[in-house]
Amino acid sequence: MWERTALDIHELTPLVEAMIFAADGPLQDERMAQALDLPVAEIRSAIAALEADYAAQPRGFFLQQVAGGYQLRTHPEYAEALRKLGRSRPFRFSRPALETLAIIAYRQPVTRAEIEYLRGVDSGSVLKTLLEKHLVRILGKKDVAGKPLIYGTSQDFLELFGLADLSSLPTLSEFSELAPDEDAIAMMDSLPLLVDE
Amino acid sequence: MWERTALDIHELTPLVEAMIFAADGPLQDERMAQALDLPVAEIRSAIAALEADYAAQPRGFFLQQVAGGYQLRTHPEYAEALRKLGRSRPFRFSRPALETLAIIAYRQPVTRAEIEYLRGVDSGSVLKTLLEKHLVRILGKKDVAGKPLIYGTSQDFLELFGLADLSSLPTLSEFSELAPDEDAIAMMDSLPLLVDE
Amino acid sequence: MDTYAIQLENFEGPLDLLLHLIKKNEMDIYDIPIAAITAQYLDIIDAMKTLNLDIAGEFLLMAATLLHIKSKLLLPKTIEEETEEDEEDPRAELVRRLLEYQKYKDVSTTLEATPQLGRDLFARAAPAPEVLEEAEAGFAAIGLYDLLEALREVLQEKPTELVHEVTIEHLSVTDRINAILTLLQGKESLAFAALFGDDRKRDEVIVTFLALLELVRLRMVRFMQNTHNGTIWLFPSVTAEEAAALDVGEDSLGYS
């Protein structure tokens, strides 16, 4: 039915809307193109049309580009009303969790020792919680003595914070020229502060 | 914010749309009225406005009254395209699949009997799925009575988990290091308190 | 000093506490008056001790670090050191750490304020049934953590001696077994020496030997030597055709 026909944009747009609506997570334009056997460019035009359409009048939700795909999400201003409907899990990050998550997000791939050097405190249990919540994942092992595990953020992390990809992270406030990454890591070795695992 | 104010229909309509969109099943107008502390009549007007809006131009979904509530549903004519999309949906590991894969990864070369001993349940069909998905492969036959097949993980397994080789698999002891343990704290306490200079 | 106003549990750690002191005293972070800040820091720690509060080890280590820096600053410089241009300020590392920590502290506030899915934004609760009907392709992103967690749960209910078998040694031998079998795949034979490649590190050789022993024990490979002192050849016990014949059929799994 959908094969290679020159599908009119007015027909394609609602179809793309239906797909994004029905998908169980952010949906990639490539996946839609594949399912419809259409060039990705056409899907992108339909997405652009959809975005224009959503912007033209107040709607309950909007199209967010997130974690490499597209997803319909309600506007933040409706959060309070939706919470009353019981859709909210009362979830709040603790400060240690957010700090650790931030360090992992910006410094990945990063080891536990590096995180603890930056935070100045033991971070094992926070790290475990973030792994359990699937916000952080084990990327593998670092090829240095002791082969420590290295960590990075997950797809769920991008989805949670509505980030299209890691480059969409807010920029760090500028102090950075003072602490180049290599130095910080090199310093680890001479560091009397933390007990090695 | 939403209490008893004469909310403009143009403000209420997208809010009602957001509620129906985010609800985990058909949503009754009474429940919306209750959550917003508004008369049901106002909710019904907003629903009518929403229906008119959806009818005005082709959309991917429509508002259906179902089981005493309202729900957004995709148009039936998109069912085929959505099925095709479903076929490209990523495979999600079931708990048994993950358990079996974990045992094979860490205990290979391993027989089905060994897997079942550890899991305590029949694992034939899970094993079959993992073989079909090429995450697990037959390494050969064990030279014991009955010559059972022995299993190990595949190249695809390494790729899926982003591992260079099997030695990059994190060990259980590395895992338990993350848990908050008394040892680390005890170690900290025994460090010299103050340095005499 | 108003140490009573400060509670250690309000601080994420010693770096957080130091940043607080610097801000409160309007100190220049690039030129921290070490004596003053050390005195204040120790006062707080002492006050906490008087109140019999538990002080995390990290706070005590930082106290030691501060005293160490202070003593280095007090030490008269030798002529040699004075002529050395690139002698680093003893405070430099601490300053770097404080600045770096401040960055992540700031950005975590930004992240906290970012609209979060499930808190501020909501997606649809359940995907459309049409999408779920069919079998899946590909794999959903799955983490090593999940794999490990699954293993841990399985092993938790088992006798401990089984748990201990999962060690690095076991893994690297297993790894080598797999590597050898992969090398053998689709081949009739393999020269013994080829297994060792150029990498003749002692550990590697031992692991390879252990792997070969295990393979022989399992009768998965055979060794042959054409002549005395000739090349030793390794043969798979199960040929490619046999392995293919073993394929996936329901009843060929396991106890065949």
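Since the structure is predicted, the reported quantities are computational estimates derived from the model, not experimental observations. Labels below follow one simple rule: chain letters A, B, ... track the order of the sequence lines, proteins then strands, and each chain is numbered from 1.
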For the residue pair [X] and [Y], establish whether any side-chain heavy-atom pair is separated by less than 4.5 Å.
{"X": "A:Arg95", "Y": "C:Asp16", "value": "yes"}
{"X": "A:Gln64", "Y": "C:Leu121", "value": "yes"}
{"X": "A:Leu101", "Y": "C:Ser108", "value": "no"}
{"X": "A:Tyr117", "Y": "C:Arg97", "value": "yes"}
{"X": "C:Leu111", "Y": "A:Phe161", "value": "yes"}

Calculate, to the nearest 0.5 Å, the distance between atoms [atom1] and [atom2] belonging to [X] and [Y] respectively.
{"X": "C:Arg119", "Y": "A:Arg92", "atom1": "CZ", "atom2": "CZ", "value": "6.0 Å"}
{"X": "C:Lys103", "Y": "A:Ile103", "atom1": "NZ", "atom2": "CD1", "value": "10.5 Å"}
{"X": "A:Leu118", "Y": "C:Tyr101", "atom1": "CG", "atom2": "OH", "value": "10.5 Å"}
{"X": "A:Leu163", "Y": "C:Thr114", "atom1": "CG", "atom2": "OG1", "value": "7.5 Å"}
{"X": "A:Asp122", "Y": "C:Glu58", "atom1": "CG", "atom2": "CD", "value": "6.0 Å"}

So which atom in [X] and which in [Y] form the shortest heavy-atom distance, rounded to 0.1 Å?
{"X": "C:Pro14", "Y": "A:Val121", "answer": "CD-CG1, 3.9 Å"}
{"X": "C:Arg124", "Y": "A:Phe21", "answer": "NE-O, 2.8 Å"}
{"X": "A:Glu159", "Y": "C:Leu117", "answer": "O-CB, 3.7 Å"}

Residue set satisfying salt bridge (charged side-chain N to carboxylate O under 4.0 Å, His left out) with A:Lys147, at least two apart, ordered chain then number -> A:Asp143
Salt bridge (charged side-chain N to carboxylate O under 4.0 Å, His left out) filter on A:Arg119, not counting sequence neighbours, yields A:Glu99, C:Glu12
Which bit of [X] comes within less than 4.5 Å of chain C, counting heavy atoms only: side chain, backbone, both or neither?
{"X": "A:Phe61", "value": "neither"}
{"X": "A:His134", "value": "side chain"}
{"X": "A:Leu131", "value": "both"}

**OP:** Give the intermediate values and the outcome of side chain to side chain contact (heavy atoms under 4.5 Å, CB included) for residues A:Leu172 and C:Tyr104.
**Re:** CA-CA 8 Å; A:Leu172 287 176; C:Tyr104 293 112; 4.1 Å; yes
The interface call for C:Leu15 against chain A, heavy-atom contacts under 4.5 Å, is side chain
Between C:Phe122 and A:Arg73, is there a cation-pi geometry (under 6.0 Å to ring centre, at most 45° from the normal)?
no
